[in-house]
Every structure is written in C-alpha cells, then in structure tokens.
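Since the structure comes first, as structure tokens, the remarks are kept for the end.
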Amino acid sequence: MSKINSDLNLYNTSDRTVSKFVPLNPGKVGIYLCGATVQAPPHIGHIRSGVNFDILRRWLTAIGYDVTFVRNVTDIDDKILHKAVHEEIPWWAVAMKYERAFTDAYAALNVMPPSYEPRATGHITQMIQLMEKLIANGSAYAPGNGDVYLEVRKLKSYLTLSNQKLDDLQSADDADLTYKKDPRDFALWKAAKPGDPSWPTPWGDGRPGWHLECSAMAHAYLGEAFDIHGGGLDLIFPHHENEIAQSESAGWAFAKIWMHNAWVTTSGEKMSKSLGNSLQVMEILKKVRGIELRWYLGSAHYRSMLEFSFEALEESSVNFRRIEGFLQRAKEILKAEIEPSISAQFATAMNNDLAVPQALADISELVRIGNTAITENNLAALSKSASEVRGALGILGCDPFDPIFANSSSAKSEVLDGLISLALEQRNAARARKDFAASDAIRDSLTALGIIIEDTPTGSRWTVN
RNA sequence: GGUCGGAUGGCCGAGAGGCGAGGCUCAGGACUGCAAAUCCUGCUACACGGGUUCAAAUCCCGUUCCGACCUCCA
C-alpha cells in the first residue's frame, strides 16, 4: 500500500480521454479544487463534489503519493453582497456564516480538511501581482474606470476545455463596450461601487472578479504548474477556461489534468439553488447518518449524474448497513481490530478512473465471502475479507470504525451492554426451559426500545437500530 | 445558433463488440423454537428504425426524448 502504483488512470476533460497519471514531481500530487461560493447552506450537490474529490485524494494517498490538496473559499462575490442586503448583516458575516455551514457539512460526511483552504479576500495581494504581470505583458488592460479586463482576442488559445469557438458564444445581453475592447473580454477586477467592499489597487479601488482568485491562489499554494484541477461540470465554462487564460497569459503551465464531477439531479434536472431547503445536507442528515449519505453520494461514478430520491438514498443505506453489520460481526468474532488492507480487485477498479461502482461490486463479493467464512468458522478467510472490506471503506471515507462516525461514548456503551446482557441472560434462561412466550416478550421489549437481538451459534448479540 | 452529456430490468446503478456487474425490492428455499442475521435459487434489461459483423446494450447512419453550459453556479 505504501508502494507507488504507476497504474492509475484518470479522465482528463482537456482531451476527453482516460490516460495514465504521471505526476509532475515523483511521489507528489498537487490538487486544486474549486470550493464553494459561501452564500447559502450546502445542498447535496455541493457536497458530492467534496466527496468525489475526497475519494480521489484518499486513493492517491493510499497508493503512496504525498498529496497537497487545496480547496478555496470564495468569500466575496455579487451573490454574497446581495445576500448581505437581504439578511441585513455585513457581507463578511454572510460569508463566514455559510463557510461554517460548509465546514460542518464536510465534517459530517468525513471529507478531510484540505491541506490549505484559502479565502479569496486573503489573497488580494497575489491577485494584484498577477494583474500587474498581465497588464505589463499586454494580456490585460485597465481602461481607466477601475475595471481590469483580460483581452481574449490576444490569447494564443482559448476555450480548449469546452471546445468552443469564440465567435459562437452568445454575447451577454448586458455587455458594455464603453470600456471593454471586446464583449467577451472578462473582468479580472471590478471597480468599486458605492457601498460595496473594496480594496485599493494601482487602477483604483475595487474587488476581485470571480476567476482571478483561483489562478492567484492555485499559483500561491501549488506553483506555476500542478497536477490536477477539479470542480463541478458547470465550471468548465467560463470559470476554468478563464483560469487557463489568465494563468497561461502569465506564463504558467497551470493544471495538467482537469477533472469535473457530474450533478446530483432531481427529476433529471440539475439541482438549483431555488429548490428550497429539503435537499440541504443538514436536512438530509436528519433522515440518515452522515456515513450513509456519503456512501450514497459516492456510490455513482463521479462523472455520472446521480438521480436523487429519498427511496434511492434509503436503499443505499440498507446496502451499507449490511456491509457495516458484517464488519461489526467480524470484529466480535475475531476479537481484534480489523486491519485495513487493499484488495487487488479494489485497486484495479480505483485505478480505472475511480470506478467506484465496480469497487462496490467487489466489496459486496467480499462481504458475501466473509459471511460464508463466519458460517464455516474460517477465521483466516474472515480476517482477510474483513480487512479488505475495511480497507475499501476507508478509501471511500465510510469506515464505520472511524472515530468521526462514532455515535456514543464507550463508557455509556459499557453500561448499556451490562443492562442488555442482564436482559439477555433472562431471555436465554427462558429459552433453555422452552418458555418461548417469556423469551419472546423480552425480545419484543428490547425491540421496542430500538435494540435488535440476533441469536447466533455462539450466543445472542445485540445492536442498536 | 454553438458546445457537451444522457436514455440499461419494479427501483438505483456499472459496463462499452462475445463469456449474465453489483445493490435494493419481490418470490421460493436452507438454517432457526419462532424471528433476525446469513447463505442459496429465481425475476435475463439496455429509447426507436436501419446498417456493419460469425457476434451489437456496446461500432456506424438516422430518429425521438431528456439534460448541462454559452460570463451567477458543485
């Protein structure tokens, strides 16, 4: 597991093919993921992106790479300013409120904190430096009104990710050619409007355009060239195209591989922010555990649409509980912690552009083998399959033994265990004298409390429903 | 108008020329005092019309339907 596996293949939006991953620096991987614009609580679509790229990160780490993972926070933009007016609190309070909401959601789903989580407003200096560079080399211009634009007509290449032609783009209705040389030139920097937050620059007070921050921050933390840049499908154009334009104009090689996750959809449509709050992460976590929501969000391939329904979520949870139940039984039977390991089949699946659905099929097979081993009391086979199941679940961020998912203190559990054992002794005494009415009454009482009793060849075990 | 993606069984969801993914649900069986859990068996699908091929869910042509992006977006 510590050996670097050279067989990882990833899909690159740049050339729309799956090809072998070769890091820029041996043994190291730099990833920049476009994070959230913190202007509303996260819905499950937002968090799918976090989960998908967290799985990528965990897999890269598992196969031996030293991963630097950067995920930004866009804490200044039009929507945040509008929200501030609407909520009657300062813009920075809006940004912090929803940044916390995202942080909580990531934590609830066991998405690892990034190596660095830069905020746009903390990197104005880097943005100004980038703009100075772009203006100095003729790529960008400051028309004098406080705005700064990138001149897209001068680009050697543009729209390479989305495969579009500049002249085919529908021009914006509100394109103002008073200052722009071309309607498609995009703003690196926006002049301050009265009442809006602003920062001083050589071209006047203003605030960042949306695209500039990612180029500046990726450069600050990962350098001129890095391995993987990720984000949602909708960021391909214009955001990622413009990041490329800015960065390449600055002479940076920028990202080698572009990876984009697909949507969580409802009724076949992209989840929109106007859906109300029923699909917010924290609302769904009232119905299922974080580990179950993560299992569901991670279960489809990252490039496939995931058609959300509460029925599908529940089915997925049932599937997960079967696997979780197996690991817990295995731990009890083996009387030891299960050491995670990676099966060859799981590795093959993950190396194939993170083929998680295939990996899940392999996990199901391992669980079946393990359950059969329990029946046959084959501890060696049980240990092997349990290890491989736990190892796979760890990569998927769904290890039920991960302390982050623990739901009760051990001291409390000991008391509970003592009490239930007392009841089970009574029940087993009744069963021994074939007083099944009495034994079933005890089981029914426990069931009513949410405690499930299972009789096994080696005795009765209990779990909390 | 331009660009990109999709349609798979009751449901979710892989695959991408041949050897039935997997899960969930449902039905039957084994085990069990009865359950639960587990295991076994069954439910043979790929939008439509052509074509290529010994062989097509997969490739080609056409059609229908659905969705995404085109300067707010995970």
Side-chain angles (χ1 to χ4, degrees), chain A residues 13 16 33-37 39-40 42-53 74 77-79 82 152 159 161-175 183-187 209-211 230-239 241-242 260-265 267-273 296 299-301 303-309 311-320 322-323 325-326 329 349 355-365 367-368 370-372 374-376 431 434-436 439-440 443-444 447 452-457 460-461 463:
Chain A
T13 306
R16 317 244 166 202
L33 173 64
C34 283
T37 299
Q39 50 91 20
H43 59 59
I44 52 175
H46 294 122
I47 218 73
R48 181 190 185 188
S49 180
V51 168
N52 285 158
F53 284 96
T74 299
D77 94 318
D78 288 341
K79 285 207 164 190
H82 292 151
V152 296
L159 309 180
L161 275 186
S162 57
N163 195 28
Q164 298 175 99
K165 294 189 177 75
L166 193 56
D167 293 325
D168 288 339
L169 296 182
Q170 281 183 351
S171 51
D173 297 336
D174 58 351
R184 299 168 194 87
D185 289 350
F186 61 89
W210 177 32
H211 315 297
L233 264 182
D234 53 349
L235 298 183
I236 293 175
F237 183 86
H239 186 51
E241 298 285 16
N242 289 350
H260 295 94
N261 65 278
W263 307 123
V264 179
T265 56
S267 306
E269 291 184 15
K270 174 184 177 180
M271 203 166 278
S272 95
K273 283 170 182 164
Y296 173 67
S299 65
H301 190 262
R303 284 192 282 121
S304 296
M305 306 286 179
L306 176 60
E307 173 66 21
F308 177 82
S309 70
E311 292 75 15
L313 174 60
E314 178 56 27
E315 285 178 4
S316 170
S317 298
V318 169
N319 171 228
F320 181 74
R322 171 173 169 265
I323 298 165
F326 162 69
R329 284 194 300 278
V356 173
Q358 185 58 55
L360 298 189
D362 295 335
I363 292 170
S364 288
E365 173 71 4
V367 169
R368 192 184 61 73
N371 277 323
T372 300
I374 289 175
T375 305
E376 295 171 351
R431 290 176 74 207
K434 303 218 184 291
D435 181 357
F436 296 120
S439 70
D440 288 354
R443 184 171 62 191
D444 290 346
T447 303
I452 309 299
I453 303 304
E454 292 168 22
D455 297 325
T456 76
S460 302
R461 66 189 291 270
T463 49

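Numbered from 1 within each chain, the chains take letters A, B, ... in sequence-line order.
Note: CD (Q164(A)) to P (rC70(B)) measures 9 Å, nearest angstrom. Protein atom NZ of K434(A) is 12 Å distant from nucleotide atom P of rU32(B), rounded to whole Å. One atom, CZ of R461(A), and another, P of rU32(B), lie 19 Å apart when rounded to the nearest Å.
For the C1' atoms, the distance linking rC65(B) with rU8(B) amounts to 16 Å, nearest Å. Going from the C1' atom of rC60(B) to that of rC69(B) covers 28 Å, rounded to whole Å. Of the P atoms belonging to rA21(B) and rA7(B), the separation is 16 Å, rounded to the nearest Å. Only the C1' atoms considered, rG13(B) is 14 Å distant from rG6(B), to the nearest whole Å. Nucleotides rG22(B) and rA16(B) place their P atoms 16 Å apart, quoted to the nearest Å. Here, rC24(B) and rU58(B) have their P atoms 29 Å apart, quoted to the whole Å. Distance check on atom C1': rG33(B) versus rC40(B) gives 23 Å, rounded to whole Å. Separation of the C1' atoms belonging to rC54(B) and rG17(B) is 12 Å when rounded to the nearest angstrom.
Among residues two or more places apart in sequence or in another chain, the salt bridge (charged side-chain N to carboxylate O under 4.0 Å, His left out) test is passed with R48(A) by none. With sequence neighbours excluded, the residues forming a ring pair (Phe, Tyr, Trp, His ring centres under 6.0 Å) with Y296(A) are F308(A), listed by chain and number.
Note that NE2 of H301(A) is 11.5 Å distant from CG of L360(A), once rounded to the nearest 0.5 Å.
Ion pairing between D455(A) and R431(A) holds under the 4.0 Å rule for side-chain N and carboxylate O.
Secondary-structure annotation of RNA chain B gives the stems B:1-7 with B:64-70, B:10-12 with B:22-24, B:26-30 with B:38-42, B:47-51 with B:59-63, with a stem taken as at least 3 successive Watson-Crick or G-U pairs whose two distances both fall under 3.5 Å.
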Report, as a single string ordered 5' to 3', how protein heavy atoms within less than 4.0 Å touch nucleotides 5-17 of chain B: B base, S sugar-phosphate only, - not at all. ------BSSS---
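Comparing N242(A) and A361(A) against RNA chain B, the residue whose closest nucleotide sits nearer the 5' end is A361(A). Between I44(A) and S439(A), the residue anchored nearer the 5' end of RNA chain B, judged by the nucleotide with its closest heavy atom, is S439(A).
At rU3(B), none of the side-chain N or O atoms of N163(A) fall inside 4.0 Å of OP1 or OP2 (strictly under the cut-off). For K165(A) and rG1(B), the shortest distance from a side-chain N or O to OP1 or OP2 is not below 4.0 Å.
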Hey, what are the protein-to-nucleotides 29-31 of chain B N/O distances that come in under 3.5 Å?
none

Could I get a table of every N or O pair under 3.5 Å where one atom is in the protein and the other is in nucleotides 39-41 of chain B?
| residue | atom | partner | partner atom | Å |
| --- | --- | --- | --- | --- |
| rC39(B) | OP1 | R322(A) | NH2 | 3.3 |
| rC39(B) | OP1 | N371(A) | ND2 | 3.3 |
| rC40(B) | OP1 | R368(A) | NH1 | 2.8 |

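Among the atoms of the strands shown, base atoms are found under 4.0 Å from some heavy atom of V264(A).
Of the candidates rU38(B), rA36(B), rG23(B), rU38(B) carries the atom nearest the R329(A) side chain, counting heavy atoms from C-beta on.
No donor-acceptor pair under 3.5 Å is formed between the side chain of R329(A) and the backbone N or O of N371(A).
Annotation: side chain of T13(A) is in contact with side chain of I236(A) (closest heavy-atom distance under 4.5 Å). At a threshold of 4.5 Å between non-hydrogen side-chain atoms, the residues V367(A) and R322(A) count as touching.
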